[in-house]
Amino acid sequence: LQLVESGGGLVQPGGSLTLSCAVSGFTLDYYHIGWFRQAPGKEREGVSCISAYGSSTNYADSVKGRFTISREIAENTVYLQMNSLKPEDTAVYYCAAVHLTRTVLAGLTSSEYDYWGQGTQVTVSS
């Protein structure tokens, strides 16, 4: 099972980025996918998640109304659209996966996830 993030970069405050998480070796319909981030000197925090079958999504309070998680089954890819970016969104962003039999609902706790990508850097700065 492999997850590969892409789409990070440098963006000005108020700008937008779309992160991609391309998965291989498994089918999205059977795995919950979460996006997490870790800033220097801080703990990893959950940003958003989407359940297997795509039936539900969840967001951290800090990104509600600004970030949108979605997935494209045909491309085996999960996206994180990030709008109105703030300097405090600067972090390495990771996607992670867990089989739906391991946990009923997709959550924002990193310990719930079994498979991780390598991360992509997002820097919000003027």
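Keep in mind it's a predicted model, so treat the numbers as computed, not measured.
Within 6.0 Å of CD on E88 lie more than 12 heavy atoms contributed by other residues, nucleotides or ligands.
Two rings, from W35 and F67, have their centers 6.0 Å or more apart.
Between D89 and K86 no salt bridge is recorded (no basic side-chain N to carboxylate O distance below 4.0 Å).
Looking at Q118, its side chain does come within 3.5 Å of a backbone N or O of E5 through a donor-acceptor pair. Remark: side-chain polar atoms of N83 are not paired, donor with acceptor, to backbone N or O of S16 under 3.5 angstrom. A donor-acceptor pair under 3.5 Å is absent between the side-chain atoms of H32 and the main chain of V98, judged by distance alone. Here the side chain of T18 pairs no donor or acceptor atom with the backbone of Q81 at under 3.5 angstrom. Without hydrogens or angle criteria, S48 side chain to N58 main chain gives a donor-acceptor distance under 3.5 Å. Distance alone, capped at 3.5 Å, is enough to place a donor-acceptor pair between the Q38 side chain and the K42 backbone.
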Begin from the C-alpha positions of T90 and V122 and carry the test side-chain contact (heavy atoms from CB on, under 4.5 Å) through to its verdict. CA-CA 5 Å; T90 295; V122 171; 5.9 Å; no
Stepwise side-chain contact (heavy atoms from CB on, under 4.5 Å) test for H99 and L1: CA-CA 11 Å; H99 195 274; L1 279 68; over 6 Å; no
Could you check N76 against L28 for side-chain contact (heavy atoms from CB on, under 4.5 Å), going step by step and ending with a plain yes or no? CA-CA 6 Å; N76 234 18; L28 286 175; 3.7 Å; yes
Could you give me the CA-CA distance, side-chain angles and deciding distance for R71 and T77, then say whether side-chain contact (heavy atoms from CB on, under 4.5 Å) is met? CA-CA 6 Å; R71 64 181 199 172; T77 300; over 6 Å; no
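In terms of heavy atoms, I33 sits closest to Y113 at C-CE2, 4.0 Å. For the pair S126 and P13, the tightest heavy-atom approach, listed with the atom from each and the gap, is N-CD, 3.7 Å.
In this model, no donor atom of one side chain and acceptor atom of the other lie less than 3.5 Å apart for T103 and E112.
The aromatic rings of Y31 and F26 sit tilted, their planes meeting at an angle between 30° and 60°.
Counting heavy atoms from C-beta outward, V92 and T120 have side chains that stay 4.5 Å or more apart. Using a 4.5 Å heavy-atom threshold, the side chains of E45 and F36 count as separate.
No single ILVMFWY cluster, assembled from side-chain heavy atoms under 4.5 Å apart, contains both W116 and Y30.
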